[in-house]
Amino acid sequence: MKMKTDLKTNMKFQQVSKRYYLPENEIELASLTRFEKVPAIIMENAGDGARKAALDAARIINDCIAKRGRCVIGFGSGRYVLKVYDELVKLYFADKVNFNDVVAFNLSELGLGDGDILNLNQVIQERLYAKVDIEPDNIHTFSHIDAIENVHSLCKVYEREIIEAGGLDLVLCDLMPDGSLAYNEPGSALNSTCRLIMLGSDARSRIAEYFQSETVPKTAVTLGIGNILSANKIICVTWEEDSAQALFDTVEGAMTDLVPASFLQVHGDACIIADLDASSHLTRISHPWKVTSCEWNDHLIRRAIVWLCAQTGKPILKLTNKDYNDYGLSELLALFDSAYNVNIKIFNDLQHTITGWPGGKPDADDTHRPERANPFPKRVLIFSPHPDDAVVSMGGTVRRLIEQGHDVRIVFQTDGDVAVSDDDLMRSVLLAERLTKHYEGHSFKFIDDTLTRLTGDSDSAGITDGLRYFKGSILLSEAMMACRQMGVPRKNLTDLRMPFYVNDPRGQGKISEQDVAVIQELITQVKPHQIFFDNDLVDPNGTHVRATGAVMHALDNLKDEPFMRDCRVWMYRGQWGQWDVDLVEMAVPMSPEEFGDKRDAILKFHSQIHDAPFRSSADGKLSWQRSIDRNRDLANHYQQLGLATYEAIEAFVQYRLHN
């Protein structure tokens with residue numbers, strides 16, 4: 001079984017015209033980028049973007065060496081720029097560039113005085129330095145043996161070394177999802193210099209995931225924004241959807257220390273290279289009618305009308321010809337002859353997404369329904385990355401499917417132990433201790449050891465397999481109660497225990513053929529008529545990305561099987577995001593009573609209600625609270641567009657196996 005590197009093309013919900021990101025001439029480019037204050041080069045995917053960045057960097061290296069005999073580069077160490085280093089290595093072996101006269105300065109390093117723990121220099125060493133002909137003496141970084149007390153003088157020495165080398169010719173770095181450059185996090189000043197910084201919780205979470213480490217330093221040393229802006233050329237790269245807002249704020253937003261990357265706006269020769277996912281919020285991609293004539297398709301028309309309603313404060317059917325003209329959408333009037341014709345089309349399109357029959361209504365005309373009437377009843381397979389995801393994100397839909405007679409099976413891809421706090425573990429262990437003493441006359445050694453650990457009476461540290469299993473069992477038992485609330489029989493619940501999660505101490509291992517195989521085997525066994533899987537790909541601990549990736553690979557392997565021709569696949573969101581209205585293909589409404597039932601089912605997850613570890617830093621809410629808020633918000637949005645009024649709505653987008 002061969003693992004494909006990227007299946008995200010199946011998740012492109014609207015085809016973006018190449019003209020918006022690869023214009024044919026400079027005049028068109030100038031029009032498209034009129035709102036952009038930092039040059040943004042958009043490539044179709046991360047691989048293409050990394051190759052573009054590497055080719056540009058190689059050209060700069062060759063030019064600098066030809067002109068002054070050396071090239072001084074500041075190298076970042078984030079996960080995005082590493083793809084660029086892989087491409088530079090390929091160019092090196094193709095004799096397109098050499099590094100013998102390159103002088104390297106690492107942009108940052110983690111916690112001085114921590115020995116070899118989480119060494120960023122080692123990361124760049126493994127991906128670049130060790131594979132090319134750079135002289136070891138030309139690599140400059142901070143040493144972990146340096147005492148943190150001397151960090152101020154060390155930073156000044158580091159800056160002086162850059163000046164003595166002739167200054168930075170090039171900086172290669174990442175734009176991170178919080179808008180940071182290197183470790184210049186929100187709050188960093190325009191003129192900040194090389195310094196010690198305290199790492200924020202978001203940065204520490206990213207570091208923990210990247211290094212697969214439970215121990216993360218609290219500090220880092222980084223070149224400042226002022227140092228980075230002193231470079232002659234800056235190439236910044238970013239990929240994936242979770243960077244989209246940061247890229248928009250950097251390129252089109254106001255310059256502010258809340259988005260340190262926005263200071264690139266004052267640099268004379270900086271650019272950001274991004275893929276389409278990361279660029280999705282830029283005006284020329286998300287609202288191209290503001291900057292150019294459009295190549296209209298159904299999705300883009302729907303997006304434009306939803307946007308126009310927001311601008312005017314009107315529902316769809318009240319939009320007038322004047323509204324279209326005033327907001328730059330006169331092209332649609334030319335295509336449809338009048339506002340009325342466009343309004344009716346989009347109103348009907350959105351109306352047809354709403355269904356109270358998510359599994360299809362038997363013996364009904366399904367021409368304009370999102371799901372087929374037949375076969376009925378359907379075998380439905382729902383994949384839940386953590387035990388609570390299916391309930392939180394699509395609990396109302398699950399209940400509808402059950403009540404309408406479908407055979408619904410929920411698959412818990414992991415047991416979610418990392419989302420269970422020590423307090424919840426201790427509560428359950430205390431209960432287990434009491435019961436075992438009462439019924440057995442003694443306590444199990446595991447219970448004694450765990451209580452000793454949790455009460456701090458032991459020097460032992462770390463999480464054992466037994467503790468992980470206990471925590472996971474807590475969340476799984478809560479999931480069983482929640483599913484019981486929704487009417488899902490216990491025999492229809494599957495604890496998959498995917499290897500990527502079980503075999504890694506933080507549940508963040510790489511997906512393998514083994515992970516794909518267990519899902520593929522299950523799908524083949526059930527032969528479902530409907531599959532639902534999660535599309536929350538910006539979760540803080542990465543489980544959703546891995547779990548979803550395994551499902552996508554399994555579906556790709558099975559897409560030509562005869563039984564898959566009769567299967568429709570849907571994607572849900574909820575824990576960490578929501579579908580935009582213009583993308584929704586199936587909207588399942590809930591009455592106040594149904595929404596109350598969903599909330600009651602969510603409340604069965606006692607371990608997640610008050611002290612789950614993944615709380616939004618922005619609003620302080622837990623993911624399940626934001627999810628039910630989104631259900632209400634989506635219903636309100638439909639109402640504002642002039643459609644029926646509901647208490648809440650769950651939304652889905654179809655995943656197409658064949659593009």
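Along the sequence shown, the residues carry numbers beginning at 1.
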Test side-chain contact (heavy atoms from CB on, under 4.5 Å) applied to R632 and F595, step by step: CA-CA 9 Å; R632 283 198 180 99; F595 194 48; 3.4 Å; yes

Step-by-step side-chain contact (heavy atoms from CB on, under 4.5 Å) determination, L496 to V518: CA-CA 8 Å; L496 207 55; V518 295; 4.3 Å; yes

Verdict with reasoning, I602 to D388, per side-chain contact (heavy atoms from CB on, under 4.5 Å): CA-CA 8 Å; I602 291 173; D388 60 335; over 6 Å; no

Derivation and outcome, salt bridge (charged side-chain N to carboxylate O under 4.0 Å, His left out), residues D582 and R303: CA-CA 5 Å; D582 57 281; R303 169 165 286 198; 3.0 Å; yes

Residues H352, R369; criterion side-chain contact (heavy atoms from CB on, under 4.5 Å); working and verdict: CA-CA 6 Å; H352 293 154; R369 293 178 179 273; over 6 Å; no

Criterion salt bridge (charged side-chain N to carboxylate O under 4.0 Å, His left out) on R497 and D415, from CA distance to verdict: CA-CA 7 Å; R497 294 183 60 77; D415 61 16; 3.3 Å; yes

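Closest approach of L247 to A278, counting heavy atoms only: CD2-O, 3.3 Å. Shortest non-hydrogen contact noted between Y21 and R284 is CA-NH1, 3.8 Å. For Q265 against D249, the heavy-atom pair with the smallest separation is NE2-O, 4.2 Å. Nearest heavy-atom pair across A479 and F412 is CB-CZ, 3.8 Å. Pairing each heavy atom of Y572 with each of S393, the nearest pair is CD1-CB, 3.3 Å. Residue V81 comes nearest to G76 through the heavy atom pair CG1-O, 3.6 Å, listed as atom of the first residue, atom of the second, then distance.
Here the side chains of Q654 and P370 are not in contact, with every heavy-atom distance at 4.5 Å or above. Counting heavy atoms from C-beta outward, T256 and F263 have side chains that stay 4.5 Å or more apart. Within the 4.5 Å cutoff, the side chain of C309 has no heavy atoms near those of the P315 side chain. Looking at S591 and E647, their side chains never come closer than 4.5 Å, going by heavy atoms from C-beta outward. Considering only heavy atoms from C-beta on, N348 stays 4.5 Å or farther from H368 through its side chain. By the 4.5 Å heavy-atom criterion applied to side chains, V251 and I272 are counted as neighbours. Between V237 and L175, the closest side-chain pair of non-hydrogen atoms is not below 4.5 Å. Counting heavy atoms from C-beta outward, M394 and W570 have side chains that stay 4.5 Å or more apart.
With respect to K598 and E594, no salt bridge is recorded, no charged nitrogen being found less than 4.0 Å from a carboxylate O. With respect to K37 and E252, no salt bridge is recorded, no charged nitrogen being found less than 4.0 Å from a carboxylate O. For the pair R409 and D407, the salt-bridge criterion is met [side-chain N within less than 4.0 Å of a carboxylate O]. Salt-bridge check for E371 with K361: failed, with every basic side-chain N at 4.0 Å or more from each acidic carboxylate O.
Atoms CZ and SG, on R379 and C567 in that order, are 9.5 Å from each other to the nearest 0.5 Å. Distance CD1/I410 to CG/D495: 13.0 Å, rounded to 0.5 Å. The OG1 atom of T222 lies 8.5 Å from the OH atom of Y183; values are rounded to the nearest 0.5 Å. Interatomic distance, CZ of R599 versus CD of Q485, reported as 11.0 Å (0.5 Å rounding). From R568, atom CZ reaches atom CD of Q530 across 8.5 Å, with rounding to the nearest 0.5 Å. The distance from the CG atom of D580 to the NE2 atom of H299 is 11.0 Å, given to the nearest 0.5 Å.
Between the side chains of E585 and T353, not a single donor N or O lies within less than 3.5 Å of an accepting N or O. A donor atom on one side chain and an acceptor atom on the other are found under 3.5 Å apart for T238 and S243. Side chains of Q640 and N636: no donor on one and acceptor on the other come within 3.5 Å. Between the side chains of E241 and S280, no donor-acceptor pair of N or O atoms lies under 3.5 Å.
Of the possible polar contacts, one joining the R546 side chain to the G509 backbone as a donor-acceptor pair under 3.5 Å is found. The main-chain N or O of M480 is never found under 3.5 Å from a side-chain atom of R490 such that the two would form a donor-acceptor pair. For the pair T548 (side chain) and V545 (backbone), a donor-acceptor distance under 3.5 Å is absent. Without hydrogens or angle criteria, N631 side chain to E650 main chain gives no donor-acceptor distance under 3.5 Å. Between the side chain of S262 and the backbone N or O of M255, no donor-acceptor pair lies under 3.5 Å. A donor-acceptor pair under 3.5 Å is formed between the side chain of N184 and the backbone N or O of L181. Using modelled atom types, one side-chain atom of D536 and one backbone atom of G574 make a donor-acceptor pair closer than 3.5 Å. Checked by atom type and distance alone, the side chain of Q413 never pairs as donor or acceptor with a backbone atom of H544 at under 3.5 Å. Judged purely by atom type and a 3.5 angstrom limit, E44 has no side-chain atom pairing as donor or acceptor with the backbone of G49. Here the side chain of N503 pairs no donor or acceptor atom with the backbone of F500 at under 3.5 angstrom.
Each of I285, D275, I273 was evaluated against I42; a single residue qualifies, I285, per the side-chain contact (heavy atoms from CB on, under 4.5 Å) test. Here the options are V516, D515, I519, the test is side-chain contact (heavy atoms from CB on, under 4.5 Å), and the partner is H553; only V516 passes. Partner of R573 under the side chain to side chain donor-acceptor pair (under 3.5 Å) criterion, chosen from D389, N535, D534: N535. P288 pairs with exactly one of T283, V16, L282, L300 by the side-chain contact (heavy atoms from CB on, under 4.5 Å) rule, that one being L300.
Around atom CZ of R79, more than 12 heavy atoms belonging to other residues, nucleotides or ligands sit under 6.0 Å away.
Close placement of the F533 and Y655 rings is indicated, their centers lying within 6.0 Å of each other. With ring centers used as reference points, H529 lies 6.0 Å or more from H406. Ring to ring, F532 and F383 are not that close: their centroids are 6.0 angstrom or more apart.
A perpendicular orientation is assigned to the rings of H386 and Y501, their planes being inclined by more than 60° (bins at 30° and 60°). In this pair, Y80 and W239 present their aromatic rings perpendicular. The plane angle is above 60°, beyond the 30 to 60° band.
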